[in-house]
Amino acid sequence: MAGHSQFKNIMHRKGRQDAVRAKLFSKLAREITVAAKAGLPDPDMNARLRLAVQAAKAQSMPKDNIQRAISKASGADGESYEEVRYEGYGPGGVAIIVEALTDNRNRTASAVRSYFTKSGGALGETGSVAFMFNRVGEIVYPAKAGTADAVLEAAIEAGAEDVQSDEDGHVITCAFEDLNEVSKALESALGEAESTKFVWRPTTTTALDEDKAASLMKLLDAMDEDDDVQNVHGNYEISEEVMAKLEG
């Protein structure tokens, strides 16, 4: 699969970022609240909420925190978050999609624009890079979930479209609209997933040298630090050698 190594790289970065648990839990809680407010406050009756709760559990978010975030959706605290998507180009011409949940569009747009500008990139119009990605569902299982053949068979039965297996685990892809049903079927067959989410998967990738990769990492870290930014997707390709140097 084109660009497969970049997803491994993202996972490596994720491991480092997970040290900042409070910020991570805050973002997960915001998504849970928005999902609960958009439908019923019951994960069994609300597909988006179910996926949000799954994502929180995968990060070991305490049950009390999850329930508090769901309850907050029916509260009268006045908080109202809006979903916003930003698109632009980062270092080396990398296409980047930023998904945010914000209660102040002007604040978030200004911040995201500044991140792009400081990295030598530029914020574009909506749709300026989305055509280079496919919106799909992604379900990740650890290697211990089963052999490549067993996971492939379960994925086919569940209605998934693609499976990538290696020593690190299994990455299962399905159509955007099928994620809830496919993840439910896989949970019955393989147990709880490591992560279940919607992703923007690039159709083509851009390879980066060490300098451009370093600039991109700074850009991604700045966005990760922003409370309003939920997810960042890019079509970058970073070799294992360059990633090892950056992490060294």
Side-chain angles (χ1 to χ4, degrees), residues 7-39 41-43 46 48-86 90 96-116 118-119 138-140 142 168-169 183 192-200 214-234 243 246-247:
F7 300 109
K8 288 187 185 176
N9 291 335
I10 291 172
M11 288 177 198
H12 292 161
R13 289 186 65 253
K14 190 80 172 66
R16 296 204 311 273
Q17 293 161 0
D18 281 356
V20 192
R21 306 300 287 175
K23 185 170 289 291
L24 178 63
F25 286 172
S26 175
K27 293 190 179 193
L28 290 167
R30 187 177 291 195
E31 169 60 23
I32 289 170
T33 300
V34 170
K37 190 171 284 190
D42 179 357
N46 181 334
R48 179 175 175 178
L49 178 57
R50 177 177 173 275
L51 295 174
V53 169
Q54 274 188 334
K57 285 181 177 178
Q59 294 298 334
S60 302
M61 187 171 174
K63 287 183 179 179
D64 287 349
N65 293 37
I66 293 173
Q67 189 54 52
R68 192 156 49 242
I70 293 174
S71 299
K72 197 174 182 181
S74 58
D77 56 15
E79 282 189 8
S80 181
Y81 296 110
E82 184 179 0
E83 295 177 79
V84 190
R85 188 176 87 219
Y86 302 98
I96 295 175
I97 293 176
V98 182
E99 295 175 316
L101 288 175
T102 180
D103 57 359
N104 187 322
R105 285 179 69 115
N106 291 335
R107 178 193 66 225
T108 308
S110 177
V112 171
R113 183 178 291 106
S114 73
Y115 303 145
F116 275 103
K118 287 175 183 176
S119 71
E138 180 186 271
I139 305 158
V140 178
D168 295 326
S183 67
E192 199 165 296
E194 205 168 75
S195 77
T196 303
K197 60 188 176 182
F198 295 113
V199 299
W200 290 89
S215 295
L216 178 69
M217 290 300 112
K218 287 181 182 176
L219 168 61
L220 297 181
D221 285 340
M223 289 186 177
D224 286 338
E225 284 296 310
D226 192 303
D227 291 338
D228 295 337
V229 174
Q230 292 292 104
N231 302 296
V232 182
H233 307 274
M243 204 67 196
L246 294 176
E247 292 182 333

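Both backbone and side-chain heavy atoms feed into the values below; hydrogens, waters and symmetry mates do not. Computed from a predicted model, the values in this text were never measured in an experiment.
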Interatomic distance, Asp228 atom CG to Asp103 atom CG [nearest 0.5 angstrom]: 6.5 Å
How many angstroms lie between CD in Glu138 and OG in Ser195, if you round to the nearest 0.5 Å? 6.0 Å
Between Glu83 and Arg48, does any side-chain N to carboxylate O distance fall below 4.0 Å? yes
When rounded to the nearest 0.5 Å, the distance separating CZ of Phe116 from CE of Met223 is 4.0 Å
Separation between CG of Asn65 and CD1 of Ile70, rounded to the nearest 0.5 Å: 11.5 Å
Return the minimal non-hydrogen interatomic distance between Ala29 and Ala69, and the atom names on each side. O-CB, 3.7 Å
Minimum-distance pair of heavy atoms, taken over all atoms of Pro62 and Phe25: CD-CE1, 3.7 Å
Can you name the side chain to side chain donor-acceptor pair (under 3.5 Å) partners of Asp227, sequence neighbours left out? Lys23
Distance from Glu99 atom CD to Trp200 atom CH2, nearest 0.5 Å? 7.0 Å
Does a side-chain heavy-atom distance below 4.5 Å link Lys72 with Arg30? no
Would a distance-only check, ignoring hydrogens and angles, find a side-chain to backbone donor-acceptor pair under 3.5 Å from Lys27 to Asn231? no
Between Leu101 and Thr33, is any pair of side-chain heavy atoms under 4.5 Å apart? no
Working to the nearest 0.5 Å, report the span between OG of Ser26 and CE of Met61. 8.5 Å
Check: Leu51 and Gln54 side chains under 4.5 Å, non-hydrogen atoms: yes
State, to 0.1 Å, how close Val199 and His233 come at their nearest heavy-atom pair, and which atoms those are. CA-CE1, 3.7 Å
Do NZ/NE/NH1/NH2 and the carboxylate oxygens of Glu82 and Arg105 come within less than 4.0 Å? yes
Nearest heavy-atom approach of Ile32 to Ala56 is CD1-CB, 3.9 Å
Minimum-distance pair of heavy atoms, taken over all atoms of Ala100 and Thr108: CB-CG2, 4.0 Å
Go through the steps for Asp42 and Leu49 under the test side chain to side chain contact (heavy atoms under 4.5 Å, CB included), then give the verdict. CA-CA 7 Å; Asp42 179 357; Leu49 178 57; 5.8 Å; no
Do the side chains of Tyr81 and Gln230 get nearer than 4.5 Å, heavy atoms only? no
Please give me the minimum heavy-atom distance between Arg50 and Pro43, naming the atom from each residue. CB-O, 3.2 Å
